[in-house]
Enquirer: 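Mind having a look at this structure? Questions to follow.
Throughout, protein chains are lettered first and strands after them, A, B, ... in sequence-line order, and every chain is numbered starting at 1.
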Number of protein chains: 4
Amino acid sequence: MSKHQEKREESKTLLVNTALQLFSRKGYDGTSIRAIAAEAGVSLGLMYNYFESKEALLLEIFNRGNKDIEASFAKAADVPGAEIDQLEQHILQTVHLLKEKRAFWRLLHSLRLQSNVLAQVVEETNAQTAYIEAQIRQNLEAAGIPSPDLEAKLLFATIDGIAHHYLLLEDYPIDGMAALLIQKYKSR
Amino acid sequence: MSKHQEKREESKTLLVNTALQLFSRKGYDGTSIRAIAAEAGVSLGLMYNYFESKEALLLEIFNRGNKDIEASFAKAADVPGAEIDQLEQHILQTVHLLKEKRAFWRLLHSLRLQSNVLAQVVEETNAQTAYIEAQIRQNLEAAGIPSPDLEAKLLFATIDGIAHHYLLLEDYPIDGMAALLIQKYKSR
Amino acid sequence: MSKHQEKREESKTLLVNTALQLFSRKGYDGTSIRAIAAEAGVSLGLMYNYFESKEALLLEIFNRGNKDIEASFAKAADVPGAEIDQLEQHILQTVHLLKEKRAFWRLLHSLRLQSNVLAQVVEETNAQTAYIEAQIRQNLEAAGIPSPDLEAKLLFATIDGIAHHYLLLEDYPIDGMAALLIQKYKSR
Amino acid sequence: MSKHQEKREESKTLLVNTALQLFSRKGYDGTSIRAIAAEAGVSLGLMYNYFESKEALLLEIFNRGNKDIEASFAKAADVPGAEIDQLEQHILQTVHLLKEKRAFWRLLHSLRLQSNVLAQVVEETNAQTAYIEAQIRQNLEAAGIPSPDLEAKLLFATIDGIAHHYLLLEDYPIDGMAALLIQKYKSR
DNA sequence: AATGAATGAGACTTCATTCAT
DNA sequence: TATGAATGAAGTCTCATTCAT
């Protein structure tokens, strides 16, 4: 990669990260391009050298975020083990990601119900979501649990609910919650 | 009630309901006053005869919504029964409310993470939320379940997660989810 | 005058007086029809039964105010006396009117430079103004003062300046100012 | 100064001057941002790149105007001479300023009685006003004139009245007025 | 005559986006 | 590439005025 491309990549990453922080804190509509540029310490117009529009910037945030998630889960999926252990791994992995990418998850959860802003983004995230749910279902099925479909949905909803509360509240005991949830599945 | 007051109340309710539908579908920021007026079939300025601002309109939506919720749960709380039965009642009641006031819940869930628009509204809803969680904890405690605090948080997160998915997706099997959840608590 | 007409006149006067107070305090542009109606304790629409528009109401205020001024000066003009005494009378009369109709004068002075609001009103007041100045000039001329034209303009400007400061400031020593001004003309 | 800063300053000054002309002609409330932009030949939104609000633009007009006045009087104050000559200088200086900055003075006089729009602006101008009056009083006192306080107020009111009439009327003989006024003080 | 609900033009302001430098 | 001045559509809100009751 040339010096030039490196610098380009650096600026892009700076803008993406700055935008993510602001979108997460103030919301997508509540964050202006000007504010992002100011916070990043670059000029207003620079953003348009890298992104076609505000929405394209958001899209890039999601692309990178999704890539991170995928990578994280892909790594976890390679670990062999009993189905229940895989569920445990999934839960712990989710908690880990939530903590590490809190801003991204906040943004995702805050935009999930705003269909106006995000046809394309929601598509992709829904696909990922469906995939995760399918994996959970397979694990439950393999573990011989009855009505694995509803059970998968239930576990998924529970994880999502915990995530949402963690993102919403300060001092949410997410580790305790994860441990309790895992224990419930182990004790069956 | 005078003719004028009747008309007033009618217009207010029309605006509140129209705004709720649009806020729920397009988001608060994505819905303009003009759009609300057009959808309601009234003039642009009418809203300002009844509400001080767009935010005041939102506040009224929440006031009415919170009143509905309170009334619904107050009625349910009177029903005596074993603690587990009360949990069952609470879950069924929540499902009932979700179905009946889908638009309101969508709005609430979509705004929960937007700290910019909502100091006051969030306050009140959080208070209600905390109260519900406390009730769940009491029930769990009375039923002799260990670590009732985390358990309450877990049940609450699960219900919230189910609600969120119901609000997010078409054709979510919420009744099946509720039944499965109830069964889990009954079988302990 | 019929009972009906009396009541009509009463309502009109109430609106005129209320509007005068508010226009004087908050300015013409800063006072809404709604505010006038509220302050007068009548309905918003009532005003339009008596006045064609907000501007027509202002016009009526000026008509009545001008009538008062005219009457006051007409009475004073009848008093015979030396020319200097007539100047004294004029000054004292003006001070008297300023105190008695402070709100009206404030309104007049605040609108005199706003050509946008008031073609018609300014016309009439200017006519009166010219007439008063002419009278002053005649008196000065009769008293044998040189360049009576400029002198009249000067005295007029002085009186107007005193009036303006009286209307602008709290606790302006207008009586002392009048006495000093009179003394200057007497001592010539 | 950079190219950007130059352009910035140019646009700011263009807007300030255009706004001053329009405010002076049509009044502050009677002049819309759209009208200012159109008259200046720029876009509607440009103003907001330089001023926070319409009121901030007005404030800038006053800041620049006050600076001009201060500079003008500061220069005059340095000239030594008898007290009466200083009064003469003050009067001539005022006339000069009135002619040179007619629009600004018209605006000032038209806003002086509108307490609603102007807390901050009026403050500063009042301070300047008080200072000028105090200087007049000192001169009169030094010249041995009795009741210098009232005399200062009288002279100040006279100058203000002349200014007001000059600003109000076309073809006002302000030079003749100034000469006459000066002569009165010289002949004592 | 009196009421006040309803209207809609127009005001101020924001902000994503363009483009000359 | 980087800058930031400039644009103008669109948003919220105000208010004089109309009109059915």
Side-chain angles (χ1 to χ4, degrees), chain A residues 4 7-8 11 29-38 42-57, chain B residues 2-12 15 29-37 40-57, chain C residues 4-5 7-8 11 29-38 42-57, chain D residues 2-12 14-15 29-37 40-57:
Chain A
H4 183 243
K7 203 169 176 191
R8 202 180 155 81
S11 285
D29 290 311
T31 302
S32 67
I33 296 291
R34 191 177 294 274
I36 296 168
V42 300
S43 73
L44 175 60
L46 185 61
M47 208 210 77
Y48 289 90
N49 288 359
Y50 298 119
F51 306 100
E52 272 200 334
S53 65
K54 189 182 180 184
E55 192 164 343
L57 173 56
Chain B
S2 78
K3 234 356 172 342
H4 272 143
Q5 275 177 314
E6 268 177 44
K7 230 178 170 182
R8 227 184 132 74
E9 219 47 55
E10 208 174 306
S11 287
K12 259 184 98 161
L15 284 169
D29 289 313
T31 303
S32 67
I33 300 294
R34 188 178 295 277
I36 297 170
V42 299
S43 73
L44 175 59
L46 185 60
M47 201 210 78
Y48 292 94
N49 287 9
Y50 300 114
F51 306 99
E52 275 199 335
S53 63
K54 189 183 179 184
E55 192 164 343
L57 173 56
Chain C
H4 184 242
Q5 275 176 318
K7 201 167 178 191
R8 201 180 157 83
S11 285
D29 290 312
T31 302
S32 67
I33 296 290
R34 192 178 292 274
I36 297 169
V42 301
S43 75
L44 174 60
L46 185 60
M47 210 211 74
Y48 288 90
N49 288 358
Y50 298 119
F51 306 100
E52 270 199 335
S53 65
K54 189 182 179 184
E55 192 164 343
L57 172 57
Chain D
S2 77
K3 239 341 174 351
H4 270 143
Q5 275 177 316
E6 268 177 44
K7 230 178 171 183
R8 226 184 132 75
E9 220 46 56
E10 208 174 307
S11 285
K12 257 185 99 161
L14 172 62
L15 284 169
D29 290 311
T31 302
S32 68
I33 300 293
R34 186 177 296 276
I36 296 169
V42 299
S43 73
L44 176 59
L46 185 59
M47 202 209 80
Y48 292 93
N49 287 10
Y50 299 113
F51 306 100
E52 274 200 334
S53 63
K54 190 183 179 184
E55 192 164 344
L57 173 56

Enquirer: Among dT3(E), dA5(E), dG8(F), which nucleotide has an atom closest to any side-chain atom of L44(D)?
Expert: dG8(F)
Enquirer: So what does I33(B) touch, heavy atoms closer than 4.0 Å: a base, only the sugar-phosphate, or nothing?
Expert: sugar-phosphate
Enquirer: Contact class for F51(C) (heavy atom, under 4.0 Å): base, sugar-phosphate, or nothing?
Expert: nothing
Enquirer: Of the options dT7(F), dA1(E), dG4(E), whose atoms approach the side-chain atoms of S43(D) most closely?
Expert: dT7(F)
Enquirer: Should K54(C) be listed as having a side-chain N or O under 4.0 Å from OP1 or OP2 of dA16(F)?
Expert: yes
Enquirer: Given atom CZ of R34(C) and atom P of dT7(E), what is their separation to the nearest angstrom?
Expert: 14 Å
Enquirer: M47(D) has an atom CE; how far is it from atom P of dC12(E), in whole Å?
Expert: 9 Å
Enquirer: Can you tell me how far the CD1 atom of I36(A) sits from the CG atom of L46(A), to the nearest 0.5 Å?
Expert: 12.0 Å
Enquirer: Can you find a side chain N or O atom of R8(D) that sits less than 4.0 Å from OP1 or OP2 on dA5(F)?
Expert: yes
Enquirer: To the nearest 0.5 Å, what is the distance between CE (M47(D)) and CD (E52(D))?
Expert: 10.0 Å
Enquirer: What nucleotide among dA6(F), dC13(F), dA5(E) has an atom nearest to a side-chain atom of S11(D)?
Expert: dA6(F)
Enquirer: Give none if dT17(E) has no partner; otherwise give the nucleotide forming a Watson-Crick or G-U wobble pair with it, both distances under 3.5 Å.
Expert: dA6(F)
Enquirer: Tell me: CG of D29(D) to P of dA16(F), nearest whole Å?
Expert: 12 Å
Enquirer: Quick one: on DNA chain F, does V42(A) or H4(B) contact a more 5' nucleotide (nearest heavy atom)?
Expert: V42(A)
Enquirer: Could you tell me whether the phosphate oxygens of dT14(E), OP1 or OP2, come under 4.0 Å of any side-chain nitrogen or oxygen in Y48(D)?
Expert: no
Enquirer: So, taking the atom named CG in L57(B) and the one named OG in S53(B), what distance separates them when rounded to the nearest 0.5 Å?
Expert: 8.5 Å
Enquirer: When the nearest nucleotide of DNA chain F is assigned to S32(C) and to N49(A) on a heavy-atom basis, which residue is associated with the more 5' position?
Expert: N49(A)
Enquirer: Nearest 0.5 angstrom please: L44(B) CG to R34(B) CZ, how far?
Expert: 5.0 Å
Enquirer: In whole angstroms, how far is the P atom of dG4(F) from the CD atom of Q5(D)?
Expert: 10 Å
Enquirer: For a quick test of reading the model: is some side-chain N or O of Y50(A) closer than 4.0 Å to OP1 or OP2 of dT1(F)?
Expert: no
